[in-house]
Amino acid sequence: QVQLKESGGGLMQSGDSLKLSCVVSGGTFSELAMGWFRQAPGKEREFIAAIGWTGIYTHYSDSLQGRFVITRDNAKNTVYLQTSHLKPEDTAVYYCAADDAQSITPVAEWYDYWGQGTQVTVSS
């Protein structure tokens with residue numbers, strides 16, 4: 001069973017940088033496409049970015065592109081999400097997800113495995 005565990009969230013200040021990690025266990029990480037999503041209070045889950053198994057191909061949300069960077073380290077079974085200049089509207093629970101069909105997709109329903117999320121709270 002593939003398991004995902006996010007880390008790196010917490011209480012941040014507006015303007016801070018952020019690097020989230022997601023460690024994958026129980027599967028062949030290099031065969032998984034990975035994605036990051038977030039869900040703010042009272043809002044639907046929002047796609048941020050996805051990355052293919054090689055790390056070469058990526059896909060970003062049009063509305064968020066330029067603010068977030070997704071990368072992966074297959075030797076560490078880890079996918080990362082980085083951003084700088086956090087804003088209060090970035091406050092949300094951030095989730096990583098894995099797709100064993102290797103689709104680099106913004107569609108949450110296509111992902112097979114999900115982490116429990118890490119809370120990011122940005123104060124102004």
Side-chain angles (χ1 to χ4, degrees):
Q1 179 71 15
V2 177
Q3 294 184 321
L4 289 68
K5 177 64 175 176
E6 303 95 338
S7 62
L11 180 62
M12 311 287 178
Q13 299 278 342
S14 183
D16 282 352
S17 298
L18 177 72
K19 184 175 183 178
L20 302 178
S21 302
C22 173
V23 178
V24 178
S25 61
T28 304
F29 180 70
S30 61
E31 295 180 353
L32 298 171
M34 301 296 299
W36 281 97
F37 293 76
R38 69 183 184 182
Q39 189 165 17
K43 296 187 177 181
E44 294 187 352
R45 192 165 295 190
E46 178 184 26
F47 169 74
I48 303 172
I51 188 167
W53 65 273
T54 65
I56 296 173
Y57 299 104
T58 57
H59 179 64
Y60 290 93
S61 163
D62 288 341
S63 62
L64 297 174
Q65 189 167 9
R67 294 198 57 227
F68 291 89
V69 177
I70 186 170
T71 57
R72 67 189 292 160
D73 185 339
N74 286 352
K76 296 182 178 180
N77 288 4
T78 303
V79 61
Y80 305 97
L81 183 71
Q82 293 180 261
T83 187
S84 56
H85 304 292
L86 282 168
K87 306 174 182 179
E89 51 264 43
D90 292 320
T91 294
V93 179
Y94 285 71
Y95 298 91
C96 67
D99 175 18
D100 60 14
Q102 302 182 7
S103 301
I104 306 172
T105 176
V107 181
E109 290 76 12
W110 287 20
Y111 287 85
D112 302 290
Y113 310 99
W114 290 82
Q116 293 191 337
T118 184
Q119 175 72 48
V120 174
T121 302
V122 184
S123 62
S124 57

Give a yes or no on whether Trp110 atom CH2 has more than 12 heavy-atom contacts from other residues, nucleotides or ligands under 6.0 Å away. no

Looking at Glu44, I want to see if its CD is surrounded by more than 12 non-hydrogen atoms of other residues, nucleotides or ligands under 6.0 Å. no

According to side-chain hydrogen bond (donor to acceptor under 3.5 Å, both in side chains), who are the partners of Glu46, at least two apart in sequence or on a separate chain? Arg38

All N/O donor-acceptor pairs, side-chain side in residues 117-124, below 3.5 Å, sequence neighbours left out:
| from | atom 1 | to | atom 2 | distance (Å) |
| --- | --- | --- | --- | --- |
| Thr118 | OG1 | Gly9 | N | 3.2 |
| Gln119 | NE2 | Ala92 | O | 3.4 |
| Gln119 | NE2 | Thr121 | OG1 | 3.3 |
| Ser123 | OG | Met12 | O | 3.2 |

Should Tyr95 and Gln39 count as side-chain neighbours, where that means a heavy-atom distance under 4.5 Å? yes

Do the side chains of Pro106 and His59 get nearer than 4.5 Å, heavy atoms only? yes

Going by the side-chain contact (heavy atoms from CB on, under 4.5 Å) test, name the single residue among Asp99, Ile51, Leu4, Asp100 that passes it with Leu32. Asp100

Verify the cluster assignment for Tyr80 and Ile48: are they in a single hydrophobic cluster under the rule of side-chain heavy atoms below 4.5 Å apart? no

Closest non-hydrogen atoms of Ile70 and Val79, given as atom of the first, atom of the second and distance, are CG1-CG2, 3.9 Å

Under 3.5 Å, is there a donor-acceptor pair between the side chain of Arg67 and the main chain of His85? yes

Same cluster (ILVMFWY, side-chain, under 4.5 Å), Val24 and Leu81: yes

What pair of heavy atoms forms the shortest contact from Ile104 to Ala50, and how long is it? CG2-CB, 3.6 Å

Aromatic contact between Phe37 and Phe47, with the criterion being ring centroids under 6.0 Å apart: yes or no? yes

Going by atom types only, do Ser30 and Thr28 share a side-chain donor-acceptor pair under 3.5 Å? no

Quick check on the hydrophobic clustering: are Tyr113 and Trp36 connected, directly or via other members, by side-chain heavy-atom contacts under 4.5 Å? yes

Are Trp53 and Phe29 near enough that their ring centres are under 6.0 Å apart? no

Between atom OG of Ser17 and atom CD of Gln82, what is the distance when rounded to the nearest 0.5 Å? 8.5 Å

Exercise: identify the closest heavy-atom pair between Glu6 and Gln116: OE1-N, 3.2 Å

Quick check against the 3.5 Å criterion: does Gln102 have a side-chain atom that pairs as donor or acceptor with the backbone of Glu31? yes

Closest approach of Leu20 and Gly8, non-hydrogen atoms and distance? CD2-C, 3.5 Å

Would you say Ser103's side chain and Thr105's backbone share a donor-acceptor pair under 3.5 angstrom? no

Smallest heavy-atom separation, Asn77 atom then Asn74 atom, equals OD1-O, 3.3 Å

Would a distance-only check, ignoring hydrogens and angles, find a side-chain to backbone donor-acceptor pair under 3.5 Å from Arg72 to Ala33? no

On a heavy-atom basis, the closest approach of Phe68 and Tyr60 is O-CE2, 3.1 Å

